[in-house]
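Reviewing the structure listed below.
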Amino acid sequence: MMPNGYMGKVLEIDLSTKKVSVSDLNMKAAEQFVGGRGLGAKYLWDKVQKPGLDPLSPENPLMFWTGPLTGTAIPGPSRVVVCTKAANTSPIASPYPHASTVAWSCMGGMLAPEIKYAGYDGIIITGKSEKPVYIVIDDAKVEIKDAAHLWGKSTNDTDLALRKELGASFRTAYIGPAGENLVKYAAILSESSRAAGRSGVGCVMGSKKLKAIAVRGSNTVPVANNEEVIKIRAEMFKALQTWNGYDQWRRWGTAAMLMASSQAGTQVTKNFREGTYEQVDKIGAPISEKEFWVKHRSCFQCPLHCMKIGQVSTGPYKGTIAEGPEYETGTMHGSNCLVTDLGGMMKSIELADDLGLDSISVGNVLAFVMELYEKGIVTRGDLDGIDAKWGNVEAMLALQRKIVKREGVGDILAEGVKKAAAKFGKDAEKYAIHIKGQELAAWNIPANHGFAIVYGTSNRGACHQVGPTVEEQQRRTMCDTVVICRFLYYGIGTALFQKALNAVCGWQLDDAGFFRVADRIWNLEKVFNAREGFRRADDYVPKRFTTEAFTVGPKKGAILPPEKQEQILDEYYTKRGWDVKTSLPTEAKLKELGLDELNAVVKSLR
Amino acid sequence: MNENEKKPEGQGEQDTRYMFFTRREFVVGAVAGAAAGSVITGAMMKGGKPAAVDPAKAAGEKRIKSPSYIAVDYAKCTGCRNCEVECALFHEKKLDLSKSRIKVYYFNPPVDVPSLCAKCNDAPCIKACPEKVGALVKDKTTGAVLLDEKKCIACWACIEPCAKDRANVIRKSKDEKVVVGICDLCGGDPSCVTGCPEGALSIVPVYQDGRYFAAKPEQIAQAVAKNLYKAARGNE
């Protein structure tokens with residue numbers, strides 16, 4: 001019998017031996033870690049037994065996880081969570097040359113429910129193919145196919161080619177040339193430029209010579225209390241419609257935050273030097289709506305349709321069809337590079353998607369190059385003749401193409417700002433805005449110190465998603481675990497989703513139980529990272545934020561004082577029940593969470 | 001020809017039939033369609049309260065009192081598939097999308113096409129159903145085609161004319177015991193229409209000369225894409 005909320009099966013594919021097998025979902029793990037990011041962390045821990053595994057080795061599992069709500073009548077759980085050992089992170093000090101963090105990367109759309117309808121809670125891909133392949137999953141029928149004709153294709157061309165081969169009924173995910181050429185911040189994309197962008201998951205997929213997966217399913221997800229689920233579904237829609245953010249989300253998506261964040265001094269501008277972009281009206285939501293947007297798109301069952309699709313109708317980039325701007329992409333390719341041309345910015349975003357790059361990381365890399373160029377740390381000669389002046393869209397396009405081909409300076413930049421800075425030398429390190437090797441995203445720190453915790457303590461390196469307090473981190477961990485889109489969760493609230501989880505799974509999790517799951521996941525990830533060599537020193541924000549105050553905007557003068565950085569980390573570790581000096585979880589904490597077996601590991605690290 | 005080279009179902013000979021969508025006619029068609037609620041233009045972005053979704057709404061009220069069909073505003077559709085979900089919940093009382101009578105297809109460049117039974121006046125599916133079987137009948141009030149699952153002998157005769165000449169919505173059920181995909185208009189208050197958060201679906205009296213009437217999703221997608229992404233068309 002299938003357990004409620006779960007298909008009870010995991011599809012395992014070894015690309016070295018081409019062996020396809022189906023295993024029973026570890027239900028004990030499912031009860032402890034629920035789904036998505038949680039099961040990802042648990043399975044990663046079980047599969048990667050020793051520290052220092054090369055993330056690009058065949059042994060590193062690339063996993064696509066769903067949650068128990070996924071594929072039910074509950075709106076929101078439409079995200080697939082890609083989990084693996086990260087290709088783009090590294091600690092300050094470690095005995096292991098390939099040390100890196102856990103990685104999880106979420107992508108909305110239609111793939112996650114389709115995986116469950118095909119009969120699986122997750123797909124685990126290990127090994128490495130000799131030749132490029134893609135995987136077609138049609139319910140129980142699984143084929144590993146030759147992908148010679150797809151290899152080298154951009155993500156959009158791959159989408160078109162798969163559509164032609166398989167028809168419109170398959171849901172697909174694929175990498176672009178960035179993943180093929182092992183750019184460390186390569187993404188995995190799906191229909192209409194949805195992306196599991198962060199954590200370099202596309203790089204791991206590329207290392208396995210896996211170009212794409214396509215999934216189609218015809219099953220249903222068993223639920224414990226069907227009537228209750230349908231009732232909760234209606235309550236959720238009602239909650240959304242009465243939510244004061246509903247109209248704003250629907251109309252603007254995250255792009256609304258471009259102008260708001262600039263006012264609040266939290267926008268990333270000029271490689272994180274400033275928190276306000278004086279030209280933000282040239283790239284913000286109102287002008288995008290007026291000149292660019294054509295239509296909205298939704299993930300499965302979501303009425304918020306925060307995705308905007310647009311087209312450039314005038315200028316040199318006329319004809320470009322692109323997704324965005326979102327807050328993240330508009331900031332990283334707009335204000336962070338001082339771009340004032342909306343069409344050019346959209347071209348840069350479109351190119352990043354088409355090449356299969358994480359548009360956040362690459363926007364950070366581009367601004368880093370522009371600042372080094374301005375400061376004279378790199379010259380036009382170092383950049384193979386590219387004039388990387390602030391705001392020069394053509395330079396941004398040329399650099400991205402070089403990165404993806406790993407050609408000339410692109411080969412250095414393809415490693416991310418941390419490693420590129422080491423290569424460039426001089427003062428370059430001062431301008432490399434990363435934590436644990438992952439580039440920071442589009443929220444700035446000096447005017448909102450909570451982001452020092454968000455970025456600093458995230459278990460996948462700098463990530464803007466994880467929450468500024470322990471409580472909020474627990475909630476958001478559950479979002480990525482149950483799985484719930486965080487935007488819907490804002491409108492619907494934790495209580496209803498908890499109710500939904502219980503109705504779907506037949507559980508009786510209360511508040512405390514719900515958050516204990518989150519705490520357990522976070523601590524397991526933390527121990528994984530600690531075993532690799534990550535400690536307190538790896539949780540600090542780049543020096544720019546504690547040494548250079550903003551010089552413009554409403555938050556002029558804002559800075560994160562160094563003593564405040566120490567203080568908030570102290571407070572955070574204490575709240576977590578971790579040792580303040582090392583940041584390692586205490587014995588009591590792990591015991592409390594039922595993670596006793598980790599204590600031996602942590603003990604050896606003290 | 002190996003398996004990879006085979007043309008996928010429904011994506012074969014679309015172009016010739018589609019030639020009647022010349023640009024001029026398209027615009028005319030779009031305007032004519034607008035009157036019937038079947039708008040193709042991209043002017044639907046700006047604000048405006050969407051139709052309220054109330055999935056719990058009882059289907060007591062029969063809104064359809066004369067032969068009607070469900071028109072789609074393709075510019076408003078965001079591809080959320082709540083229509084599929086509501087259809088399955090109404091008919092199956094659980095989320096079994098394999099039985100949904102409406103399906104939303106996604107095309108590249110980004111276009112979302114809800115595809116459903118058109119309630120054709122001449123109903124070639126009814127004609128194809130063997131006389132002594134009589135599993136399909138026309139509902140005189142709503143104009144919907146009603147399937148009596150108990151009478152259906154799974155001969156699949158109704159599938160072909162729909163696939164060949166119409167929207168291609170009729171298919172075999174997963175267990176291959178009956179056909180699925182024929183829309184009964186939920187007896188008069190279609191759940192997909194009430195469940196669409198975008199107001200992209202509406203009930204209109206039968207009006208069968210629209211450009212998109214009973215067209216296949218890929219044909220509609222091509223026309224809608226052409227209209228939405230004008231800049232990409234170059235110097236046409």
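Every chain is numbered from 1, with letters handed out A, B, ... down the list of sequences. Remember, predicted model here, so these are calculated numbers, not experimental data. Atom set for the values below is all heavy atoms of this structure, side chains included, hydrogens, waters and symmetry mates excluded.
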Main-chain N/O of [Y] paired with [X] side-chain donor or acceptor, under 3.5 Å:
{"X": "B:Asp96", "Y": "A:Thr220", "answer": "no"}
{"X": "A:Asn226", "Y": "B:Lys93", "answer": "yes"}
{"X": "B:Tyr106", "Y": "A:Ser192", "answer": "yes"}

Roughly how far apart are [X] [atom1] and [Y] [atom2], rounded to 0.5 Å?
{"X": "A:Asn219", "Y": "B:Lys174", "atom1": "CG", "atom2": "NZ", "answer": "4.0 Å"}
{"X": "B:Leu95", "Y": "A:Gln301", "atom1": "CG", "atom2": "CD", "answer": "6.0 Å"}
{"X": "A:Gln311", "Y": "B:Lys230", "atom1": "CD", "atom2": "NZ", "answer": "7.0 Å"}
{"X": "A:Ser78", "Y": "B:Arg81", "atom1": "OG", "atom2": "CZ", "answer": "10.5 Å"}
{"X": "A:Phe300", "Y": "B:Asn82", "atom1": "CZ", "atom2": "CG", "answer": "8.0 Å"}

Chain B contact via [X] - side chain, backbone, both or neither, heavy atoms under 4.5 Å:
{"X": "A:Thr72", "value": "backbone"}
{"X": "A:Leu160", "value": "both"}
{"X": "A:Val312", "value": "backbone"}

Please determine, among A:Met110, A:Lys231, A:Glu323, the option with the most heavy-atom pairs under 4.5 Å with chain B.
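Between A:Met110, A:Lys231, A:Glu323, the count favours A:Met110.
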Quick check on the interface: out of A:Gly217, A:Ser313, A:Ala73, A:Ser218, who has the most heavy-atom pairs with chain B under 4.5 Å?
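Most heavy-atom pairs under 4.5 Å with chain B: A:Ser218.
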Given heavy-atom pairs under 4.5 angstrom as the criterion, report whether the side chain, backbone, both or neither of [X] touches chain A.
{"X": "B:Tyr229", "value": "both"}
{"X": "B:Thr78", "value": "both"}
{"X": "B:Cys77", "value": "backbone"}

What verdict does the salt bridge (charged side-chain N to carboxylate O under 4.0 Å, His left out) test give for A:Lys295 and B:Glu198, after you've listed the backbone C-alpha separation in whole Å, the side-chain angles of each residue and the deciding distance to 0.1 Å?
CA-CA 12 Å; A:Lys295 79 180 236 96; B:Glu198 310 303 331; over 6 Å; no
I'd like to know whether A:Val223 forms a side chain to side chain contact (heavy atoms under 4.5 Å, CB included) with B:Lys94, so could you lay out the CA-CA distance, the side-chain angles of the two residues, the decisive distance to 0.1 Å, and finally the verdict.
CA-CA 9 Å; A:Val223 296; B:Lys94 60 171 190 161; over 6 Å; no
Apply the test side chain to side chain contact (heavy atoms under 4.5 Å, CB included) to residues A:His305 and B:Lys76: give CA-CA distance (whole Å), side-chain angles for both, the deciding distance (0.1 Å), then the verdict.
CA-CA 11 Å; A:His305 60 52; B:Lys76 276 188 183 170; over 6 Å; no
Atom CD of B:Glu160: over 12 foreign heavy atoms under 6.0 Å:
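Counting other residues, nucleotides and ligands, CD of B:Glu160 stays at 12 neighbours or fewer.
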Only pairs of heavy atoms separated by less than 4.5 Å count here; which of B:Pro217, B:Cys80, B:Pro110 has the most with chain A?
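Answer, by heavy-atom pair count under 4.5 Å with chain A: B:Cys80.
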B:Asp112 and A:Arg297: which non-hydrogen atoms are nearest, and at how many Å?
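Scanning both residues completely, I find the closest heavy atoms to be OD1-NH2, 2.5 Å.
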Do B:Glu218 and A:Arg163 sit within salt-bridge range, that is, some charged N less than 4.0 Å from a carboxylate O?
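Salt bridge flag = no for A:Arg163 with B:Glu218.
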